[in-house]
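Here the structure comes first, spelled out in structure tokens, and everything after it is commentary.
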Amino acid sequence: MSRYDPAVTEPKWQTAWEADGTFTARRDPAKPKYYVLEMFPYPSGRIHMGHVRNYTMGDVVARYKSAAGFSVLHPMGWDAFGMPAENAAMERGGHPKDWTYSNIADMRAQMKPLGLSIDWSREFATCDPEYYGQQQSMFIDMMDAGLIYRKNAVVNWDPVDMTVLANEQVIDGRGWRSNALVERRELTQWFFRISDYSGELLDALETLTDWPEKVRLMQANWIGKSRGLQFAFTTTGAPEGFDRLEVYTTRPDTLLGASFAAISPDHPLAKHLERHDPALAEFVAECRRIGTSEEALEKADKQGLDTGIRVLHPFDNAVELPVYIANFILMDYGTGAIFGCPAHDARDFEFATKYGLPIPPVFVAEGADEAALTEAFVPMKSERVRYLRGFAGAEVQTGDEAIAAAIAFCEERGVGRGVTNYRLRDWGISRQRYWGCPIPVVHCATCGVVAEAKENLPVRLPDDVTFDQPGNPLDRHPTWRTCTCPKCGGAARRETDTMDTFVDSSWYYARFTSPHAAKPTDAADADYWMNVDQYIGGIEHAILHLLYSRFFARAMHKTGHLPAKAIEPFNALFTQGMVTHEIYLTRDAAGRPVYHLPEDVTDGKLADGTAVEIIPSAKMSKSKKNVVDPISIIQAFGADTARWFVMSDSPPERDVEWTASGAEASYKHLNRVWRIASDIAASDTPATADDLPLARATAKAIDEVTKGIEGFAFNKAIAKLYEFTNTLQKSQAGMAARRDAMKVMAQLIQPMTPHLAEEVWQMLGGEGLVARAPWPQADPALLIEDTVILPIQINGKRRAEISVPRDMPAAEVEKIALANDDVVKFLAGQPVKKLIVVPGRIINVVV
RNA sequence: GCGGAUGUGGCGGAAUUGGUAGACGCGCAGCGUUGAGGUCGCUGUGGGGUAACUCCCGUGAAGGUUCGAGUCCUUUCAUCCGCACCA
């Protein structure tokens with residue numbers, strides 16, 4: 001008997017599917033449609049196990065839905081613009097375009113052997129001019145619809161390389177190549193008005209019931225709706241034009257605990273003051289070196305500088321508060337200025353302690369006395385506190401009540417107004433880089449900023465660019481910038497900023513519905529295929545990519561490119577975990593770690609016998625050398641083994657650790673299934689047992705595997721398939737019954753291990769391709785057990801069990817339970833206080 | 001710093017959502033098959049105690065609610081993800 005050979009079998013069935021056109025998506029009015037999408041990959045050049053896991057999950061869903069009678073769309077493309085291509089060009093020479101397209105070809109070649117049910121005829125890359133040209137056309141529509149504007153915004157500026165840096169390229173406040181201290185610099189940049197949709201994007205989260213709760217919560221917190229008070233302090237000693245200082249607060253009830261005011265280093269007042277005060281300018285420059293990321297700002301040591309300006313407390317003009325410039329105030333949130341209430345805010349407390357400012361408490365915990373504070377007292381939202389001073393007097397109430405009361409009180413007295421504020425900022429899409437979608441705009445001396453005419457689209461990237469120096473190659477290209485104004489025909493200058501790559505990925509799902517259309521979308525196709533029924537990707541995209549896509553779908557609807565039903569483009573979302581691996585290292589003479597590849601380590605030792613340190617499982621990364629290459633796994637064991645392994649063991653939303661032994665175990669299991677199938681196909685051993693138990697086991701397997709796939713619990717579906725395999729292997733039922741059960745096995749494993757499934761299906765004489773066979777149905781009559789085993793607890797501890805008919809009345813169950821020998825023994829004659837019978841579950845005797 | 005998640009045997013995990021903790025797989029041990037190794041098949045496997053037993057302990061830690069808690073509540077520790085120019 002020969003062995004299962006994936007190297008022969010897998011390509012055979014891939015060819016069969018291709019010849020059959022099994023996975024070509026078609027608009028079929030007779031069937032319901034189902035659109036499965038995995039977040040498309042960045043073409044780095046190599047697929048990794050994370051890709052295998054992501055696409056296998058989508059493939060399981062796609063194949064299952066197809067068997068269940070849906071017309072399925074399951075496409076693949078490439079998120080192909082971005083910095084790595086430019087970095088490669090700078091480091092190794094060559095052109096970003098060549099690098100990218102050659103990577104795409106490599107990755108496609110690595111992906112095809114996985115046997116994914118993808119409709120490759122819809123493939124595109126976002127760097128195809130056909131794609132980004134349509135994006136430019138929509139940009140112009142969005143300009144016309146008032147969704148786009150320009151304003152100044154800060155960027156990380158590398159003063160040595162004379163270039164803008166991404167946050168990722170700023171390491172400890174220094175440029176990653178030049179090592180120069182990074183500065184903040186203002187540039188005029190393009191923005192999408194996503195904040196116009198803050199309220200809607202927040203409210204609509206409630207309709208996304210098939211999204212993970214945590215993702216909805218993260219988005220809600222990101223949008224950050226708050227109700228607060230905006231008011232103006234009157235200043236003294238401030239320069240002309242700054243006689244009022246607007247502040248926003250979400251805690252107006254603590255206004256009487258104010259002990260200082262503070263402004264952002266980017267506040268207009270700070271910018272004014274630095275022009276005349278060298279010491280202050282020095283401080284502000286220091287603040288600007290922190291970088292632009294919120295994380296860096298929040299983690300930095302709290303620093304402040306007294307400007308000498310004072311503000312008057314709005315309720316007591318005799319009280320003057322100092323105005324500081326403070327490094328932790330964000331210009332982008334509220335008004336860029338705050339009042340500090342150290343008693344009830346941890347950051348303000350730290351700041352006041354450092355600069356010796358008073359810390360007057362406003363309230364204390366309910367029932368507590370006023371005492372010196374050793375840290376800020378920040379009550380929980382629902383916690384009731386007693387106000388020592390405040391608009392509500394010495395009353396006890398929760399923060400929410402007090403805030404509403406404080407806003408009403410202030411408004412009555414003309415101190416500011418209640419406002420709803422959002423943390424969400426407009427989306428800055430300008431990038432001073434080459435490898436992105438050019439912003440289709442020209443700058444004309446006469447007409448100003450003008451959109452390019454649509455007939456001139458796409459505005460193509462020039463091919464003749466160099467990367468021998470930092471900065472934007474579009475900016476220094478000799479001729480590309482020169483153009484004519486589409487409005488007046490005069491000489492004009494082309495915009496050299498390109499778009500954030502998040503724009504590319506904000507509508508690719510819509511483009512897949514009609515990837516070759518001469519417009520961004522085709523109405524009939526978009527109407528049939530949208531929305532994405534199941535979207536699958538990493539949790540790291542929980543906020544930005546998904547929020548931008550939700551905004552962009554709304555913008556596409558507003559500009560006529562998507563139907564109204566598609567403003568929430570993803571009906572269901574699943575966020576999968578990473579594939580991780582142990583890290584192996586030894587130490588060099590200086591104690592520095594030296595990493596070793598998994599294949600060089602056997603039983604915790606290198607080939608020369610040196611023992612390695614094993615660091616627990618972590619994200620696969622090249623520098624830690626803990627990467628397992630899917631291609632080598634496919635070559636060794638076949639794609640089905642890799643697919644089976646990444647779907648087994650861990651729940652899909654959690655990380656899964658790749659282990660060599662696990663992969664081998666998967667391989668062995670698939671071989672076992674094949675062996676059992678070929679035994680059944682070949683032999684004709686007589687039945688020595690009833691067919692009924694196997695029929696029951698089959699029905700149960702169908703039921704539980706179906707539930708597992710529907711519920712995204714692939715690990716549980718696989719556990720059931722192991723059980724079913726064990727049952728089938730041991731079954732002594734008749735050959736016809738075993739054949740039928742094995743054919744069901746082929747159908748049930750088809751989503752996970754499609755090649756093996758086809759092979760088994762064929763061995764048993766299944767008709768056509770199992771990929772086209774309808775999903776098996778479980779006979780409901782076979783799912784019902786006749787008897788149930790009920791555990792009996794005495795005072796909550798399991799002491800006995802009884803087996804009773806499934807629908808025996810509770811009164812009779814009680815009688816049998818109390819008569820049980822073990823129960824009688826444990827009760828030892830004590831009277832029963834209470835008897836709890838949960839039908840079909842458990843009996844608890846309380847004495 | 002802020003926001004979000006996770007924590008169960010030697011390991012990955014299961015537990016019908018408040019009702020038998022440890023399904024299934026890995027690993028390990030024993031037995032069988034095999035010339036040997038591997039493969040394959042069978043049996044056992046949370047910790048402790050016992051001659052034996054349905055005896056005790058046990059879901060990161062501490063406390064609470066309940067007839068009953070891995071599951072609910074409070075506090076706490078550890079790890080991971082995101083923080084707006086990485087994709």
Side-chain angles (χ1 to χ4, degrees), chain A residues 3 39 41-42 44 79 81-84 153 155-156 164-170 189 212-215 217-218 220-222 224 292-300 302 328 332 346-347 350 423-433 500-502 505 538-545 547-548 575 577-578 580 616-619 648-651 653-657 659 661-662 664-666 668-669 671-672 675 707 713 715-716 718-723 726 729 789-801 822 825-826 833-836 838 840-847:
Chain A
R3 265 168 79 119
M39 291 179 185
Y42 178 79
S44 62
D79 187 14
F81 276 135
M83 293 199 304
V155 294
N156 299 305
V164 177
L165 297 177
N167 282 337
E168 172 185 75
Q169 299 170 317
V170 179
Q189 310 209 56
E213 186 59 43
K214 62 175 171 181
V215 174
L217 189 58
M218 279 192 263
N221 288 334
W222 185 262
T292 58
S293 86
E294 199 168 297
E295 182 188 8
L297 291 172
E298 297 261 7
K299 273 188 181 163
K302 309 281 170 288
F328 59 93
D332 289 318
R347 278 188 311 190
E350 189 186 334
R423 206 183 74 100
L424 182 64
R425 313 199 289 256
D426 275 334
W427 176 11
I429 58 144
S430 284
R431 297 293 180 270
Q432 295 70 40
R433 281 187 252 285
D500 179 4
T501 55
F502 272 124
S505 56
I539 185 70
E540 67 274 18
H541 295 292
I543 297 175
L544 291 180
H545 162 61
L547 194 59
Y548 290 151
T575 54
M578 293 180 303
T580 62
S617 218
K619 187 174 186 167
S648 61
D649 278 3
S650 289
E653 68 275 16
R654 248 192 270 173
D655 292 351
V656 62
E657 184 186 345
T659 59
S661 60
E664 271 167 46
S666 297
K668 283 179 198 170
H669 174 75
N671 271 290
R672 187 159 71 109
R675 236 177 5 255
K707 281 183 187 151
N715 56 323
K716 287 191 253 173
I718 284 185
K720 290 302 159 194
L721 285 167
Y722 273 111
E723 260 180 81
N726 292 341
Q729 183 170 26
I789 291 168
L790 288 183
I792 302 175
Q793 296 184 331
I794 292 168
N795 288 336
K797 281 196 187 297
R798 184 178 170 281
R799 297 297 186 188
E801 65 180 33
D822 288 321
K825 193 177 85 193
F826 272 100
K833 278 202 202 121
K834 202 170 169 187
L835 189 64
I836 294 150
V838 184
R841 281 261 174 281
I842 204 166
I843 300 156
N844 195 5
V845 187
V846 185
V847 291

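Naming: A, B, ... by sequence-line order, numbering from 1 per chain.
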Tell me the interatomic distance from A:Asn156, atom CG, to B:rA84, atom C1', rounded to whole angstroms.
12 Å
Rounded to whole angstroms, how far apart are NZ on A:Lys797 and P on B:rG58?
8 Å
Nucleotide of B:rU20, B:rA87, B:rA15 approaching A:Leu544 most closely (side-chain heavy atoms)
B:rA87
Which protein N or O atoms sit under 3.5 Å from an N or O of nucleotides 37-43 of chain B?
| residue | atom | partner | partner atom | Å |
| --- | --- | --- | --- | --- |
| B:rU39 | OP1 | A:Lys668 | NZ | 3.0 |
| B:rC40 | O3' | A:Arg675 | NH2 | 3.4 |
| B:rG41 | OP1 | A:Gln729 | NE2 | 3.2 |

Taking B:rG82 as the reference, what is the distance to B:rC73 when you measure between their C1' atoms (whole Å, please)?
28 Å
Charged N to carboxylate O below 4.0 Å: is that the case for A:Arg423 and A:Glu294?
yes
Can you give one letter per nucleotide of nucleotides 5-12 of chain B, 5' to 3': B if a protein heavy atom sits under 4.0 Å from the base, S if only from the sugar-phosphate, - if neither?
S-S----B
If the cut-off is 4.0 Å, is A:Asn844 near the phosphate of B:rU20, judged by side-chain N/O to OP1 or OP2?
no
On a whole-Å scale, what distance lies between the P atoms belonging to B:rG48 and B:rU43?
25 Å
Output a table of nitrogen or oxygen pairs between the protein and nucleotides 28-31 of chain B separated by less than 3.5 Å.
none

Given atom CZ of A:Arg841 and atom C1' of B:rG18, what is their separation to the nearest angstrom?
11 Å
Take atom C1' in B:rC72 and the same atom in B:rG12, then report the distance between them in whole Å.
27 Å
Nearest-Å distance for atom pair CD1/P, residues A:Ile842 and B:rU20
5 Å
Which part of the nucleic acid, if any, lies within contact of A:Asp822, taking any heavy atom under 4.0 Å across all strands shown: a base, the sugar-phosphate backbone alone, or nothing?
base
Whole Å only: how far is the CE atom of A:Met83 from the P atom of B:rA87?
5 Å
Answer with base, sugar-phosphate or nothing: what part of the nucleic acid does A:Thr659 contact at a heavy-atom distance below 4.0 Å?
nothing
Grab the CZ-P distance between A:Phe81 and B:rC85 for me, whole Å please.
18 Å
